[in-house]
Amino acid sequence: MTLREDTIRLVSPWIPRLPAGGGKIHDRIATALAEDIAEGLVPAGARLPAHRDLAYRLGVGVGSVSRAYLDLERRGLVRSEHGRGMFVSVQAVRERGYTDLSVNVPPQLLGQQILVASFQALARDVTAEDFGHYRPAAGNSDDRRMIAGWLHQVGIDTAIERILITNGAQHALSVAFYAACGPGGTLFTEEVTYPGAIQAAKYLGCKLVGLPIDEQGLIPAHLDSALAASDRTSHRVIYVTPTLHNPTTATMGMTRRQEIVDVCRAHDVLIVEDDVYSLFTPSDCKPLVTFAPERVFYINGFSKMVSPGLRIGIIVAPLAFADRTRSGLQATTSMASPIFCMLLNFWLREGVIASVRATVREEAEQRVRLARHHLPDACLPRDGGSLHAWLPMSSLAAEQVANRAAASGILVSPPSIFMVDRQQPKTGVRLCLGAPKRSELDAALALLAKISSQPLVVTSENFIGV
């Protein structure tokens, strides 16, 4: 048996020997692994063997395996997770012709003709002066006034003094976490949640606490108990996605939204409301910021409703925190891109945003119907569209489904990235519905239905069955 067969077949027994051949041992190990990663024999998200175990099975020193893994990590083929091991990088396999269900984007409905015409119009209006000075960090008054008008259309009435323009919603989220929570504060959120929020909170030094959820998201009673037991001497903040929670698609009804706000008001805690999926808010529901503008940092953006290329995010900050939010914004950027601001302003005036939003909503509804047809047990909104679906399952089952999907040519995000506590026994597999063409999505969902019904393979704790 060759080194390739020894080191890659994660389920079958291994023969602890090296093949004959020249070259340094760690180079031979790294080359064999790199080739199989490139060819798709080791799927994205697969956990590689522990250093000592692989060294024992191959009959080599632990240092050789460590050097091989370090070489793979430097090349971006694997990533190390503290306390969990080494995993094949998602990015390393993204360009192998997979059906990519790992990136949560809207269907590509912004036509080339619109883009060309829009930039031609901007080229006629833009002046050298626009690039010759800095704009206010929060955005100029004209752009903020235009955004205030758009927010009014989605049910939020606010003064432009509360609006700050950022370089995308992820940037807005990080600034809001800084302003509301800061280093040493505690951020309460869903037990599985948006990975970008987890990363931002950890980067800022916030303590994360994951709370149980149901089909409507955060459960008021559990939130109330957690806040009552928490340390009141540090900043306490709730991060919540009321509409189409990422990843579970849970959407709060009007009563639940009011209950969450009531609990937060009773404990005097702030809320960061992530409303990037506001396109799909039920008609009888309102954002949390409309209940408690004095304590809600409202986050929105245009990448999930129009296109990821439109890097404009929005913060509506409580007036009492406007200066602190602006300080956080200035510390992370001088200003949002003038070109993107001009493009957004133009598209709002010309009705492009409204038109694309309506088309995305219709297409998302079609894709939800496809997902429901192939995966009737998936978590999806009862009515309307969604950009993702969720298959809840145990952590072990989720990793195996993700690995099997990658081996079959379907790329999904590693299930562990959604977990606030990596030791929790349950997570799931998120399926992003927007990126592929509808026919490609149809085929991928049909294959995933078969993959998710396969029995769990129980192996040693260092291996994930593929």
Side-chain angles (χ1 to χ4, degrees), residues 103-173 175 275-281 298-316 326 329-330 332-364 385 387 434-435 437-438:
V103 182
N104 216 2
V105 297
Q108 180 54 48
L109 299 173
L110 191 63
Q112 183 71 15
Q113 186 174 357
I114 292 177
L115 281 174
V116 171
S118 298
F119 281 110
Q120 287 176 340
L122 289 182
R124 290 191 297 267
D125 295 337
V126 69
T127 66
E129 186 178 355
D130 291 318
F131 286 84
H133 61 85
Y134 286 99
R135 295 183 171 206
N140 68 30
S141 57
D142 184 45
D143 291 335
R144 294 159 74 192
R145 191 173 295 109
M146 186 66 72
I147 288 173
W150 176 78
L151 287 170
H152 173 74
Q153 296 174 21
V154 298
I156 300 172
D157 291 315
T158 186
I160 67 170
E161 289 76 20
R162 296 180 57 201
I163 297 173
L164 298 92
I165 302 175
T166 66
N167 289 299
Q170 177 66 41
H171 181 211
L173 197 62
V175 173
D275 203 25
V276 294
Y277 301 104
S278 59
L279 174 62
F280 305 104
T281 302
Y298 176 83
I299 305 298
N300 210 324
F302 294 88
S303 65
K304 295 296 189 289
M305 67 181 81
V306 180
S307 174
L310 185 57
R311 302 307 303 160
I312 292 293
I314 302 166
I315 304 176
V316 179
R326 190 174 294 105
L329 186 62
Q330 290 172 323
T332 53
T333 187
S334 298
M335 59 182 176
S337 165
I339 286 293
F340 285 137
C341 289
M342 293 173 65
L343 183 62
L344 174 63
N345 202 318
F346 177 75
W347 278 354
L348 286 171
R349 292 197 315 268
E350 297 298 319
V352 174
I353 297 293
S355 177
V356 174
R357 277 168 52 91
T359 308
V360 168
R361 186 187 296 112
E362 293 172 3
E363 179 63 23
L387 299 183
K437 294 180 179 179
R438 203 189 299 178

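- For residues 132-159, the set of pairs meeting the salt bridge (charged side-chain N to carboxylate O under 4.0 Å, His left out) definition, not counting sequence neighbours, comprises R135-D143.
- At a threshold of 4.5 Å between non-hydrogen side-chain atoms, the residues I147 and I165 count as touching.
- The backbone N or O of S355 sits less than 3.5 Å from a side-chain atom of T359, completing a donor-acceptor pair.
- Atoms CZ and CD, on R326 and E161 in that order, are 9.0 Å from each other to the nearest 0.5 Å.
- With I315 as the partner, the side-chain contact (heavy atoms from CB on, under 4.5 Å) test is satisfied by one option alone out of I163, L173, I299: I299.
- V154 is listed as a side-chain neighbour of L151, based on a closest heavy-atom distance under 4.5 Å.
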Identify every side-chain donor-acceptor pair in residues 300-312 under 3.5 Å, counting partners at least two apart or on other chains, and give the distances.
from: N300; atom 1: ND2; to: D275; atom 2: O; distance (Å): 3.2
from: N300; atom 1: ND2; to: S278; atom 2: OG; distance (Å): 3.1
from: N300; atom 1: ND2; to: Y298; atom 2: OH; distance (Å): 2.8
from: K304; atom 1: NZ; to: N104; atom 2: O; distance (Å): 3.4
from: S307; atom 1: OG; to: G309; atom 2: N; distance (Å): 3.3
from: R311; atom 1: NH1; to: P308; atom 2: O; distance (Å): 3.3

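- No side-chain donor from either of T333 and H171 sits under 3.5 Å from a side-chain acceptor of the other.
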Listed pairs under 3.5 Å, donor-acceptor, residues 107-126 side chains, sequence neighbours left out:
from: Q108; atom 1: NE2; to: L110; atom 2: O; distance (Å): 2.9
from: S118; atom 1: OG; to: I114; atom 2: O; distance (Å): 2.7
from: S118; atom 1: OG; to: W347; atom 2: NE1; distance (Å): 2.7

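- Residue R162 comes nearest to L164 through the heavy atom pair O-CD1, 3.6 Å, listed as atom of the first residue, atom of the second, then distance.
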Problem - Candidate pair T332 and V175, rule side-chain contact (heavy atoms from CB on, under 4.5 Å), full reasoning - result: CA-CA 8 Å; T332 53; V175 173; 3.8 Å; yes

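- Within the model, atoms CZ of R361 and CG of L387 stand 11.5 Å from one another, a figure rounded to the nearest 0.5 Å.
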